[in-house]
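Accompanying notes for the structure given below.
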Amino acid sequence: MDNKCPKCGAKLRLFDLKPECPKCGCNIMYYNMEQRLDADAEKAEAEWAKVDALLYKLTPKRFRKRKEIQNEEGETSHEKDA
């Protein structure tokens, strides 16, 4: 990590232990937290799509048919990813 404030770019000293920037007062730990959470959510969705596709391939065909019948929308999870 840089020893700079992400908002104003002020250099932080080694012993600045407060969570706020001494210059602008922004909370360094939570700065841009929403964008980081959104990026993390997108990454998790992509990873889950890969796992779901793998599980679809490993599931026996007889269980796939049951799942397709029980699905209310008429789409299987594999068709949603494609």
Side-chain angles (χ1 to χ4, degrees):
M1 175 173 169
D2 295 345
N3 283 334
K4 292 183 180 180
C5 173
K7 185 174 180 182
C8 68
K11 185 175 179 184
L12 301 174
R13 295 177 299 196
L14 183 61
F15 294 106
D16 282 334
L17 301 176
K18 294 181 182 177
E20 294 90 16
C21 173
K23 304 285 183 192
C24 66
C26 114
N27 192 328
I28 297 169
M29 185 173 172
Y30 294 113
Y31 187 75
N32 284 339
M33 182 60 79
E34 289 186 24
Q35 283 109 5
R36 288 187 281 165
L37 287 173
D38 289 340
D40 188 41
E42 290 175 8
K43 183 179 174 184
E45 280 290 326
E47 289 175 0
W48 181 252
K50 291 178 184 177
V51 169
D52 196 29
L54 177 67
L55 290 176
Y56 182 81
K57 291 177 184 176
L58 295 176
T59 305
K61 289 184 181 182
R62 62 182 178 195
F63 292 119
R64 287 186 208 166
K65 290 180 182 180
R66 288 184 198 166
K67 189 174 181 181
E68 289 173 3
I69 292 170
Q70 293 174 352
N71 193 350
E72 298 173 353
E73 300 172 2
E75 297 178 344
T76 63
S77 60
H78 181 67
E79 290 174 351
K80 289 179 186 177
D81 294 334

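Looking at heavy atoms from C-beta onward, Asp16 lies in side-chain contact with Pro22 at the 4.5 angstrom threshold. Side-chain contact between Cys5 and Cys26 is present, with heavy atoms from C-beta onward closer than 4.5 Å.
For Asn27 against Pro19, the heavy-atom pair with the smallest separation is OD1-O, 3.4 Å. Between Ala10 and Lys23, the shortest heavy-atom contact is CB-CG, 3.4 Å.
Rounding to the nearest 0.5 Å places OH of Tyr30 at 10.5 Å from CG of Leu37. With rounding to the nearest 0.5 Å, the separation of NZ in Lys57 from CG in Leu55 is 11.0 Å. To the nearest 0.5 angstrom, Ile28 atom CD1 is 11.5 Å from Lys18 atom NZ. Rounded to the nearest 0.5 angstrom, Asp38 CG and Lys43 NZ are separated by 14.5 Å.
Residue Leu17 is not grouped with residue Leu12 when hydrophobic side chains (ILVMFWY) are merged at heavy-atom distances under 4.5 angstrom, including chains of intermediate members.
In Met29, the CE atom is not crowded: 12 or fewer heavy atoms of neighbouring residues, nucleotides or ligands sit closer than 6.0 Å.
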**OP:** Could you check Arg36 against Met33 for side chain to side chain contact (heavy atoms under 4.5 Å, CB included), going step by step and ending with a plain yes or no?
**Re:** CA-CA 5 Å; Arg36 288 187 281 165; Met33 182 60 79; 3.7 Å; yes
